Novice: 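One structure coming up, written as structure tokens, with questions to follow.
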Amino acid sequence: MRIVSLSVSTQSNRLLNLLRLQSLKHFSPSRHLSLQSNLHQYHEPSITQAVELLQTPENNWDLDQLRSILYSDSENSSPKRFFHIARRLDSSAKALKFFDYVRENSKCPEDLPLLSSVFQAVLELASREPSWEKKVFQLYISSQEQNVPLTINAATLLLGCLGRAGMKEELLIVFKALDPDCKNTHVCNRLVTVLFNLGDVGEALHVLDEMLEPNSISSPNDTTVDVVFSKILRRDRPGRRFKDEEIVGLVSKFSEQGVFPDTFKLTQLITNFCRDGKINRAWDVLENVIKSGGYVAVASCNALLTGLGRSNDFKKMNQLMAIMNDKDIKPDVITYAILINRLCKSWRVDEAMEVFDKMSGEVGKYTVEPDVVIYNSLIDGLCKVGRQEEGLKLMEQMRSQNFCAPNTVTYNCLIDGFNKVGEIERSLELFDQMKKDAVPPSVITLNTLVDGMCRHGRINSAFQLFNEMQKDGVKGNAVTYTTLITAYCGVNNINKAMELFDQMLSSRCSTDAIVYYSLINGLSLAGRMDDASMVVSKLKEAGFGMDVVSYNVLISGFCKKNKLEKAHEMLKEMEEVNIKPDTVTYNTLISHFSKTGSLGIAHKLLKKMLKEGLLPTVVTYGTLIHGYCLNDNIEEAMNIFRSMTSALEVPPNTVIYNILIDSLYKRNEVEKLLSLMNDMQIKGVKPNTTTYNALFKCLRENNLLNKAFEFMDQMVEQACNPDYITMEVLTEWLSAVGQVDKLRKFLQGYEVSVQEKEKYSE
DNA sequence: GTAGGGTTAG
């Protein structure tokens with residue numbers, strides 16, 4: 001029955017047949033029983049007759065008739081015929097009786113192939129009967145006792161059965177006892193498959209090693225490669241994972257023998273290595289296959305290009321493109337998309353445009369037609385470097401090409417581009433055009449517009465747009481809420497931020513940790529620590545975790561409110577959830593203790609920080625210097641200032657100078673202050689408005705008018721804008737001494753630059 | 001291929 005069903009050409013049967021045909025190549029013809037050849041021959045009346053005879057109870061067998069059917073001529077008593085008779089019996093018990101009959105009527109050793117064939121049929125039948133697990137191995141033992149060798153197919157079947165039954169020990173016994181010429185590729189493939197299924201990767205690799213020996217009769221074929229790489233790629237399979245070097249080693253050894261993973265598996269291997277950041281391994285795999293002359297599709301190269309692109313390795317990308325060119329692997333639209341995208345992401349838009357031009361071969365005709373993705377990458381790239389107008393031109397070019405109409409992403413990129421240069425009106429125009437163009441806006445369109453408006457002070461309009469778009473069916477998400485919450489916190493509208501947060505929680509909008517972090521930050525900066533703590537609880541209830549930055553934010557907030565026990569609680573919690581305090585954590589604490597006069601504790605913290613392997617930064621020094629200044633110990637502050645530059649090579653910045661300069665002004669030490677101003681100039685640290693404010697106050701105290709004029713000129717020269725404090729100090733002082741003219745000239749110095757600034761921002 | 005936050009010193 002099964003033979004008939006095999007000839008039915010359903011797809012799965014065709015596949016089965018293909019597999020069988022493939023393994024045929026490696027069969028020793030004398031042993032192999034082909035199910036393919038001359039099927040009809042085994043349905044001839046004599047076979048049916050024999051089967052009918054053998055189906056009757058053994059004591060009813062018509063022995064004469066049987067003998068005449070089976071042994072009348074030598075052509076009749078072939079292994080193939082015997083096999084097909086045995087296989088059509090309805091139980092292994094009946095087949096076994098037949099086996100005994102043949103054994104009694106056969107001459108040894110000439111008739112051994114007959115016995116082997118009948119035994120294969122016995123095994124096949126037994127493997128489909130209840131309690132096959134026990135039967136199959138027992139049958140094997142008895143065949144061994146009778147010195148009947150296994151056919152290749154019997155061996156394969158047996159290995160499969162023992163594997164399925166989980167009988168690993170028996171499996172290896174059977175394999176080791178096989179005749180050497182029976183251990184061919186087909187059988188070894190089955191063993192390897194079975195060992196993989198049992199999770200014994202080590203033993204499977206051992207078998208593979210033997211297969212890979214030179215001149216092995218079981219040299220690997222396509223099935224071997226398929227089995228091995230299927231296992232490697234399916235990481236959920238039982239048994240240990242393959243080591244990277246094992247994978248690369250197998251590819252290389254298979255390649256040497258001229259067998260290769262198929263395109264799909266090769267690409268998967270490369271993708272997986274790249275995803276794990278092991279790009280060199282991916283490279284080795286592809287290189288091995290290419291060098292050994294295996295077929296490599298462009299998809300596999302694209303996988304590697306993606307990996308190389310992610311690590312910005314343009315050198316290797318070019319190298320790969322050269323190899324592809326050499327091996328005549330034609331780049332496709334994906335290849336170009338990868339190159340163009342990576343170049344754009346690295347701000348190398350002109351080179352990206354060059355690649356884009358290269359895609360077109362003959363004039364006006366593309367060798368590879370660019371697609372929407374490529375256009376969008378380029379438009380985004382152009383916008384990110386401030387070339388919005390060129391981006392718009394590309395969008396027009398898209399319209400003139402078939403099947404390449406601008407889509408939502410195209411518009412999103414351009415809208416973001418105009419946002420980034422502050423041209424919100426043009427962003428909104430594009431948004432209108434989008435509607436006319438029947439390009440549907442997405443939540444990203446919404447978020448991009450909301451972000452642009454918020455960043456340019458139009459928070460309420462942004463909120464309005466959000467509501468309108470919700471009505472039009474574009475629902476906001478966690479990103480929308482983050483943007484709005486951050487913006488409202490930024491203008492100190494904490495209540496509105498909290499309101500939005502509650503709205504988000506009560507709507508069924510998806511949330512993530514970032515929304516919570518944003519609000520925690522806003523609340524902490526506003527000093528609303530109880531609210532901040534409440535949001536932290538909600539974050540945890542929602543199943544999210546805190547990160548080091550958020551802990552720092554809270555610690556800073558608690559310190560400023562002088563709630564040290566709360567800050568300490570946070571530190572304890574960090575330890576519990578295994579988040580190590582970082583430099584900012586230490587800086588925050590050191591700053592607090594410096595300011596409150598506990599410089600001893602501040603130094604202890606500094607020591608601990610160093611012990612943890614964290615290097616002090618300019619901020620660390622700044623906090624300590626500020627601490628000593630506040631505690632009226634400017635000498636020690638200066639000591640630290642000097643040591644930071646000499647010993648540890650942390651260059652001071654404007655803030656450091658401002659701390660010292662402000663302190664010197666308050667102590668009215670004008671000489672030292674001026675010498676620091678000089679020091680700044682030597683070190684190339686630019687003073688800012690805060691610096692000049694302290695300086696002018698000090699100069700006024702000491703009535704050093706000419707010095708003030710000098711620095712007023714310098715301030716104009718450096719385009720450092722005065723603020724209301726500068727104006728207050730200078731106005732009071734200069735009008736008191738009748739030098740309003742100088743003040744007027746000072747302000748005139750800014751007029752040009754102020755106008756220029758406005759021109760730029762237009 | 002497109003969107004969000006980010007702490008510490010003046």
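Predicted model only: the values in this text are computed from it and were never measured. Atom set for the values below is all heavy atoms of this structure, side chains included, hydrogens, waters and symmetry mates excluded.
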Novice: Classify the angle between the aromatic ring planes of Phe466(A) and Tyr481(A) as parallel (below 30°), tilted (30 to 60°) or perpendicular (above 60°).
Specialist: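 Phe466(A) vs Tyr481(A) ring planes: perpendicular.
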Novice: Looking at Lys384(A), does any N or O in its side chain come under 4.0 Å of the phosphate oxygens OP1/OP2 on dA3(B)?
Specialist: yes
Novice: Can you tell me which nucleotide in dA9(B), dG5(B), dG10(B) comes closest to the side chain of Val619(A)?
Specialist: dA9(B)
Novice: I want to verify a distance call: between dA3(B), dA9(B), dG5(B), whose nearest atom is closest to the Val618(A) side chain?
Specialist: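 Nearest nucleotide to the side chain: dA9(B).
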Novice: What's the CG-P distance between Asn407(A) and dA3(B), to the nearest Å?
Specialist: 14 Å
Novice: With heavy atoms under 4.0 Å as the rule, sort Arg455(A) into base, sugar-phosphate or nothing.
Specialist: sugar-phosphate
Novice: Given atom CG of Leu414(A) and atom P of dA3(B), what is their separation to the nearest angstrom?
Specialist: 13 Å
Novice: Rounded to whole Å, how long is the line connecting atom CD1 of Ile656(A) with atom P of dG10(B)?
Specialist: 10 Å
Novice: Is it the case that Tyr411(A) and Asp437(A) place a side-chain donor and acceptor less than 3.5 Å from each other?
Specialist: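 Per modelled atom types, Tyr411(A) and Asp437(A) side chains form a pair under 3.5 Å.
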Novice: Which is true for Ala513(A) with a 4.0 Å heavy-atom rule: it touches a base, it touches only sugar-phosphate, or it touches nothing?
Specialist: nothing
Novice: Under 4.0 Å, heavy atoms only, any strand: does Val553(A) hit a base, just the sugar-phosphate, or nothing?
Specialist: sugar-phosphate
Novice: Do Ser518(A) and Asn521(A) pair up side chain to side chain, a donor and an acceptor below 3.5 Å, judged on atom types alone?
Specialist: no
Novice: Roughly how many Å is it from CG in Leu605(A) to P in dT8(B), rounded to a whole number?
Specialist: 17 Å
Novice: Tell me: CD1 of Ile659(A) to P of dA9(B), nearest whole Å?
Specialist: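 In whole Å, dA9(B) P and Ile659(A) CD1 are 10 Å from each other.
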Novice: What's Thr623(A) touching, base or sugar-phosphate or nothing? Going by heavy atoms closer than 4.0 Å.
Specialist: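 Since only primed, P, OP1 and OP2 atoms lie under 4.0 Å of Thr623(A), the category is sugar-phosphate.
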Novice: dA9(B) P sits how many Å from Met609(A) CE, rounded?
Specialist: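 Answer to the nearest Å: 14 Å.
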Novice: Ignoring hydrogens and angles, are the base of dG4(B) and the side chain of Thr483(A) linked by a donor-acceptor pair under 3.5 Å?
Specialist: no
Novice: Please pick, from dT8(B), dG10(B), dG5(B), the nucleotide with the shortest atom-to-atom distance to any side-chain atom of Val584(A).
Specialist: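 Selected nucleotide (nearest to the side chain): dT8(B).
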Novice: Checking the side chain of Arg528(A) only, and the main-chain atoms of Leu523(A) only, is there a donor and an acceptor separated by less than 3.5 Å?
Specialist: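 Looks like no, no N/O pair under 3.5 Å.
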Novice: Just compare dG6(B), dA3(B), dG10(B) and give me whichever is closest to any side-chain atom of Asp547(A).
Specialist: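 From the listed options, dG6(B) comes nearest.
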Novice: When you get a sec, tell me which of dG5(B), dT8(B), dG10(B) is the closest nucleotide to the side chain of Thr486(A)?
Specialist: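 Closest of the options to the side chain of Thr486(A): dG5(B).
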Novice: Can you tell me how the ring of Tyr516(A) sits relative to the ring of Phe544(A), calling it parallel under 30°, perpendicular over 60° and tilted otherwise?
Specialist: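 Judged by the thresholds at 30° and 60°, the geometry between Tyr516(A) and Phe544(A) is tilted.
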Novice: For a quick check of understanding: with a heavy-atom distance under 4.0 Å over all strands, which category does Asn341(A) fall into, base, sugar-phosphate or nothing?
Specialist: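 If one applies the 4.0 Å heavy-atom cut-off, Asn341(A) turns out to touch the sugar-phosphate alone, with no base involved.
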Novice: Lys595(A) side chain: which of dA9(B), dT2(B), dG6(B) is closest?
Specialist: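 When the side chain of Lys595(A) is considered, dA9(B) is the closest of dA9(B), dT2(B), dG6(B).
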Novice: In whole angstrom, what separates Asn477(A)'s CG from dG4(B)'s P?
Specialist: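 Whole-Å distance recorded here is 12 Å.
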Novice: From the list dG5(B), dG10(B), dA3(B), which nucleotide is the closest neighbour of the side chain of Val655(A)?
Specialist: dG10(B)
Novice: Taking only the side-chain nitrogens and oxygens of Lys560(A), find out if one of them lies under 4.0 Å from OP1 or OP2 of dT8(B).
Specialist: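 Checking dT8(B) against Lys560(A), a side-chain N or O does come within under 4.0 Å of OP1 or OP2.
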Novice: How would you label the contact of Val372(A) with the nucleic acid (heavy atoms, under 4.0 Å): base, sugar-phosphate, or nothing?
Specialist: base
Novice: Indicate whether any N or O donor in one side chain lies under 3.5 Å from an N or O acceptor in the other, for Asn693(A) and Asp662(A).
Specialist: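 Asn693(A) vs Asp662(A): no donor-acceptor pair found between side chains.
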Novice: For the residue pair Asp416(A) and Thr448(A), confirm or rule out a side-chain donor-acceptor distance under 3.5 Å.
Specialist: no
Novice: For Asn521(A) and dG6(B), is the shortest distance between a side-chain N/O and OP1 or OP2 below 4.0 Å?
Specialist: yes
Novice: Rounded to whole Å, please give me the gap between OH in Tyr692(A) and P in dG10(B).
Specialist: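 Those two atoms, OH and P, are 21 Å apart.
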Novice: In terms of side-chain heavy atoms of Asn552(A), which of dG4(B), dT7(B), dT2(B) is nearest?
Specialist: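 Out of dG4(B), dT7(B), dT2(B), the nucleotide with an atom closest to Asn552(A)'s side chain is dT7(B).
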Novice: Quick check for you: among dA3(B), dG5(B), dA9(B), whose closest atom lies nearest to any side-chain atom of Asn447(A)?
Specialist: dA3(B)
Novice: Go through dG6(B), dG4(B), dT2(B) for me and flag the one nearest to the Lys345(A) side chain.
Specialist: dT2(B)
